[in-house]
Amino acid sequence: MSINRVVRENRQPIIAAVSLVGVVVLLTFLSEYFLTTNNMFNIGKQASINLIIGLGMTVVIISAGIDLSVGSLLALTISVSAVLSVVHGMNIVLATSIAVVLTVLAGVLNGVIIQFGKVPAFIATLGMMGVGRGVVLLISRGNPSMSFPKSFLWIADGTILGIPFPIFLSLIMVALTAGMLKYTRFGRAVYAIGGNEEAARLSGINIPAVRVATYGICGFCCALAGIIFAARVGAAPPSAGVGYELNAIAAVIIGGTALNGGKGNVLGTVVGALLMAVISNGLNIIDVDPYWQSIVIGLIIVFAVMMSNLRSAAT
Amino acid sequence: MEPLLKVRQVCKQFPGVLALDHVDFDLAPGEVHALLGENGAGKSTLVKIITGAYRLDSGTISIDGKEVRFHGPVDSREAGIGVIYQEFSLVNTLSVAENIFLGDYPMRRGRIDWKAMNEAAAELLQRFAVNAHPEDILTSLGVATRQMVEILKVLNRKNLKILIMDEPTSSLTDTEARTLFGFIRKLREQGVSVIYISHRLDEIKQICDRVTVFRNGQKISTEPAHDLSVADIVTKMLGAELAEHYPPKSKATGAPGLQVEHLSGPGFEDVSFVARQGEVLGITGLVGAGKSELVETIFGARRHTGGTVMMGDVKVDPKSPRSAVANRIGLLPESRKEQGLVLGLSCAQNITLASLDKISRPFLALGEEMRLASEKFETLEVRPGDPQNAAVNLSGGNQQKVVLAKWLTRDCRVLLFDEPTRGIDVGAKFQIYAMIVQLAEAGNTVIVSSSEIEEICGICNRTLVMRNGRIVADLAGDELTKEDILAAISRGEK
Ligand SMILES: Nc1ncnc2c1ncn2[C@@H]1O[C@H](COP(=O)(O)OP(=O)(O)OP(=O)(O)O)[C@@H](O)[C@H]1O
Ligand SMILES: [Mg+2]
C-alpha cells in the first residue's frame with residue numbers, strides 16, 4: 001500500500017497523532033516533571049480506562065451503532081463485585097467474574113433490543129444507561145464506603161515486566177481488538193454492516209449475530225475498565241463512570257472513526273485516548289483550573305473533526 | 001454558431017488516475033449531444049466538473065461566452081443546468097411528489113401547499129405515463145420508477161437550459177426509454193440542450209445530433225450522429241473493432257437445477273418454472289412486471305407468502321440471504337450502490353464479502369484475498385486495476401464489475417443476475433456475457449433477469465416473460481427474436 005494512500009485514508013488519526021506529538025513537546029518545555037517515567041505511567045494509567053471502553057465503542061461505532069450505557073455498565077461491574085465480595089463475603093475472584101458476566105449480558109441485551117426490538121441504538125442504550133445506574137444505586141444502597149481487599153488493589157498498582165498492569169492490559173486489549181477487526185470474519189462483518197447493512201445482508205452476513213456481539217464486546221470492555229477503576233479507587237462509588245460515554249465517544253471520533261459507521265480503526269482510538277489523557281494531565285501539571293479541562297477537550301473534538309472534514313470536502 | 005457551453009482544456013487528476021486530460025467539449029443550443037466512452041473514460045467526471053460537484057485542476061468552462069466557475073451543484077442549478085446522475089439523488093423516505101418538488105415546494109400563505117403539490121405531481125406523472133402515485137414513498141417503488149421520478153424532478157425545473165443525463169435509461173425498458181426520448185425531443189424543441197451519456201448505443205442514433213467519444217480521459221472525436229454507425233462508435237470507444245456482441249450460447253443442458261413451484265410474494269403471484277443446469281434462463285418483461293421481486297424472493301431477500309423452491313431434490317425454501325448463500329445461491333442485485341457494494345470498503349473486501357469462509361483459516365488470509373481479487377480484476381478488466389482502491393472511487397461500470405466479481409468468487413451453483421450489464425460498456429458486456437455462458441456450461445444454473453430484450457435474446461436458451469407479477473410466456477429456443485418477446489408481452493396484456 002502506498003504511503004500516499006495511507007495518508008489520504010487516515011487523515012483524521014494522523015491529525016490527532018501530530019497534535020499528540022505537538023502537545024507532548026509543548027508540555028515537555030512547560031514542565032520538567034512532564035516527561036518523567038513516573039508521569040508517563042500516570043498518563044498511561046489514566047488513559048487506560050477510557051481507552052479500554054473506547055475499544056468497545058470503536059467496534060460499536062464502526063458497525064454504525066452507538067453505546068451510551070458504557071458508564072453505567074462500568075459502574076455495574078464495580079458495584080456487583082463489591083456487593084458480592086464485601087457484603088456477602090464471596091471470594092473476590094468469583095465475585096468479579098460474576099460481575100463481568102452480568103455486564104456482558106447487559107451489553108448483549110442492548111444488542112438484542114436494538115436488533116430484534118428495532119429500537120434505535122441511541123435510544124436503547126440511553127435506556128440502559130438509566131436502568132444500569134438505577135440497578136447500581138439499588139444494590140449498593142447508595143453506599144460508597146465498601147472497600148475492596150488489599151490484594152485486589154494490585155490490579156491498579158502492580159506491574160508486569162516493569163509495566164503497570166492497567167497499561168499492560170490496555171496494550172493486550174488494543175492488540176486483540178485491532179487483530180479482531182482486521183483479521184477475523186467478524187471484524188470484516190462489522191465494517192460491512194456499518195458501511196451498508198443491506199449489501200452486507202445480501203452477501204449472506206449474519207447481521208443479528210454480529211450486531212449483538214458488538215454490544216456484548218462493548219459490555220466486556222466496560223467490565224474490564226470497571227475492574228481497573230475499582231482497584232484504583234479501592235471502593236465502589238455508585239457514581240463511578242458518570243459521563244464516561246462522552247469521553248469514550250470523543251476518543252473514538254478524534255481517532256478518525258466515522259460516527260455514521262463503516263470506517264475507522266483501533267489505532268486512532270489509542271491516539272485519541274492518549275491525546276485526551278495527556279491534555280488533562282498537562283493542564284493539571286501546569287496548574288490550570290480543572291474546570292477548563294472539559295472546555296479544552298470539547299474544543300479539541302470539534303476542531304479535530306472540522307479539520308478532517310474541511311479537507312475532504314475539497315475534491 | 002456560438003456554443004452554449006464551452007469546455008476548454010479541462011484536466012482532472014484523481015490519486016493515480018488522470019480522469020480528464022485536456023478535454024475540449026462544445027454544446028450547441030438546442031442540440032442533443034451524446035457523450036460516449038468505455039467504463040472509466042471520464043464521462044461522469046466531466047459532468048461533475050461542469051456542475052461544480054468536482055473542482056477542476058485546470059482549464060475553463062464558459063456558458064453563453066462567459067467563463068463560469070461553479071462552487072457546487074446549487075450554483076449550476078441557478079445557472080439553468082439540470083442533471084440526472086448515474087446514482088440517484090432522491091430522498092428515499094419522502095414521497096414521489098415531495099421528491100419532484102424538493103427544495104422548491106409550492107407554497108401558500110407561508111406553508112407548503114400539499115394539495116397543489118400532489119396535483120401538479122399527479123399531472124406530471126400522468127403526462128409522462130409513469131406508473132406511480134404522488135404520495136407513494138420512494139422505498140416502496142422499484143428502481144425504474146425511481147429513475148423516472150428522478151427525471152421528472154429535473155424536467156419540472158423552470159429555468160432549465162442544459163440538461164445532463166448520465167445513463168438515464170440503464171434501468172428502463174425500451175418502451176420507457178422511448179417515452180423518455182419523447183420528453184427529450186420536446187425539450188429540444190423548447191431550446192434546451194442535452195448532454196446524453198449512455199452505454200446503449202442503439203439509442204444514440206434515435207435522439208442524438210452529435211456524438212463525442214472519450215477514451216482514457218481524452219476526447220477522441222466529435223461528429224454528427226448521422227455520419228456514424230454503431231460499429232464506428234464502438235471502434236472509436238474501444239480503439240479497436242469489436243467482432244461479436246454476443247458469445248455462442250450455452251449448449252449444455254442437464255438436470256433441473258432450480259425448481260420454483262407456485263411461489264408468491266409481494267409483487268408477483270403463483271410463479272412456477274424449472275431452470276436446468278447448463279442453461280441460461282432469461283426473465284424479461286416491462287418494468288414493474290415483478291422480475292426483481294421474483295429473483296430477490298428466490299434468494300430470500302424478501303419474504304414469500306407461499307410456494308416452494310427446490311434445488312434438485314433438496315428443498316431450499318427461501319428464508320434469508322444467509323441460507324441462500326449457504327446453499328450456494330447467489331444474487332447480483334439490481335441496484336449496485338444500495339444493494340451491491342459497501343462503498344467504503346476496498347474492492348478486494350467487497351469481492352470476498354460473500355466468501356469470507358474461503359479466506360478464513362481461521363484468521364483472514366489477506367494475501368489470499370488479494371490474490372482472489374486480482375484474479376477477478378484481471379478476468380473482468382476492472383480499471384483502475386488495483387483491488388485495494390475503495391469501491392467508491394470507481395466509475396459506475398467498474399463498480400458493477402466488482403459486484404459481479406463478488407458472486408463469481410462465491411462458486412455458486414445457482415446464480416441469479418438482476419440486470420447484470422447495467423452501466424457496462426459494449427466491450428465489457430461481451431466479457432460478461434461470455435462469463436455467464438461459461439458459468440452455465442460448467443453445469444451451474446443461471447438465471448438472467450433483464451429489461452434489455454436484446455441481451456436476453458443474445459444469451460438465453462429459454463425466456464420467461466413476466467407481466468403484472470405473473471409469467472405469461474415460456475419461450476424456448478436459441479433463435480428467439482426481440483419481436484417474439486414483444487409479441488408475448490402484448491399478448492399477456494389481455
Ligand atoms: N472520487 C474519485 N476518486 C478517485 N478516482 C475517481 C473518482 N471518481 C472517478 N475516479 C476515476 O476517474 C476515472 C473516470 O471515472 P468516471 O466516473 O468519469 O468514468 P465514466 O466514463 O463515467 O465511466 P462509466 O461508464 O463506468 O460510468 C475512473 O478511472 C475512476 O476510477
Ligand atoms: Mg459514469
Side-chain angles (χ1 to χ4, degrees), chain A residues 1-12 61-64 115 175-211 256-265 310-315, chain B residues 12 14-16 48 53-55 72 296 299-301 320-333 335-346 349-366 369-370 386 388-393 403 406-407 410:
Chain A
M1 227 205 279
S2 72
I3 299 266
N4 244 330
R5 174 183 288 149
V6 173
V7 172
R8 204 166 60 235
E9 288 173 3
N10 295 289
R11 195 176 287 131
Q12 173 100 47
I61 291 183
I62 290 175
S63 78
Q115 176 67 35
L176 285 178
T177 317
M180 180 185 73
L181 283 175
K182 182 155 186 201
Y183 292 107
T184 67
R185 291 174 70 170
F186 169 76
R188 186 61 64 77
V190 169
Y191 283 96
I193 291 180
N196 184 346
E197 183 170 336
E198 179 65 1
R201 185 175 80 96
L202 294 181
S203 300
I205 284 176
N206 188 346
I207 309 266
V210 174
R211 173 152 297 133
T257 295
L259 199 49
N260 47 5
K263 194 171 162 279
N265 62 56
L310 285 182
R311 284 295 311 276
S312 56
T315 356
Chain B
K12 177 69 185 173
F14 287 116
K48 286 177 183 158
Y54 286 165
R55 203 178 288 171
E296 284 176 10
F299 184 66
S320 65
R322 194 158 68 92
S323 78
V325 170
N327 286 321
R328 293 172 63 197
I329 303 178
L331 167 72
L332 178 92
S335 154
R336 62 176 161 259
K337 212 174 109 191
E338 283 157 22
Q339 304 172 294
L341 288 172
V342 182
L343 287 173
L345 289 184
S346 73
Q349 290 169 329
N350 271 290
I351 288 173
T352 54
L353 198 57
S355 317
L356 288 174
D357 52 338
K358 267 194 177 179
I359 56 164
S360 71
R361 40 192 70 141
F363 294 109
L364 297 184
L366 300 184
E369 170 167 78
M370 275 303 286
D386 177 3
Q388 288 195 2
N389 244 317
V392 68
N393 291 342
V403 189
K406 171 164 85 180
W407 292 108
R410 177 67 253 180

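A quick note: this is a predicted structure, and the numbers were derived from the prediction, not measured. All values below were derived from every heavy atom in this structure, side-chain atoms included, with hydrogens, water molecules and symmetry-related copies excluded. Chain letters run A, B, ... following the sequence lines, proteins first, then strands; residues in each count from 1.
With a 4.5 Å cut-off on non-hydrogen atoms, B:E296 does not touch chain A at all. Residue B:A324: no heavy atom, backbone or side chain, is found under 4.5 Å from chain A.
Looking only at heavy-atom pairs under 4.5 Å with chain A, the residue among B:L353, B:L341, B:V325 that has the most is B:L353. The residue among A:I207, A:I205, A:L202 with the most heavy atom pairs within less than 4.5 Å of chain B is A:L202. The most heavy-atom pairs under 4.5 Å with chain A, out of B:G340, B:P15, B:G344, come from B:P15. Of the residues considered (B:V403, B:T352, B:D386), B:D386 shows the highest number of contacts with chain A, using heavy-atom pairs under 4.5 Å. The candidate from A:G204, A:S203, A:G195 with the greatest count of non-hydrogen atom pairs under 4.5 Å with chain B is A:S203. Ranking A:M180, A:K182, A:R185, A:E198 against chain B, the residue ahead of the rest is A:R185, based on heavy-atom pairs under 4.5 Å.
With rounding to the nearest 0.5 Å, the separation of CZ in A:R201 from CD in B:Q339 is 9.0 Å.
Residues A:Y191 and B:V342 form no side-chain contact, since every pair of their non-hydrogen atoms from C-beta on lies 4.5 Å or further apart. With contacts defined as side-chain heavy-atom distances shorter than 4.5 Å, the pair A:N196/B:L343 does not qualify.
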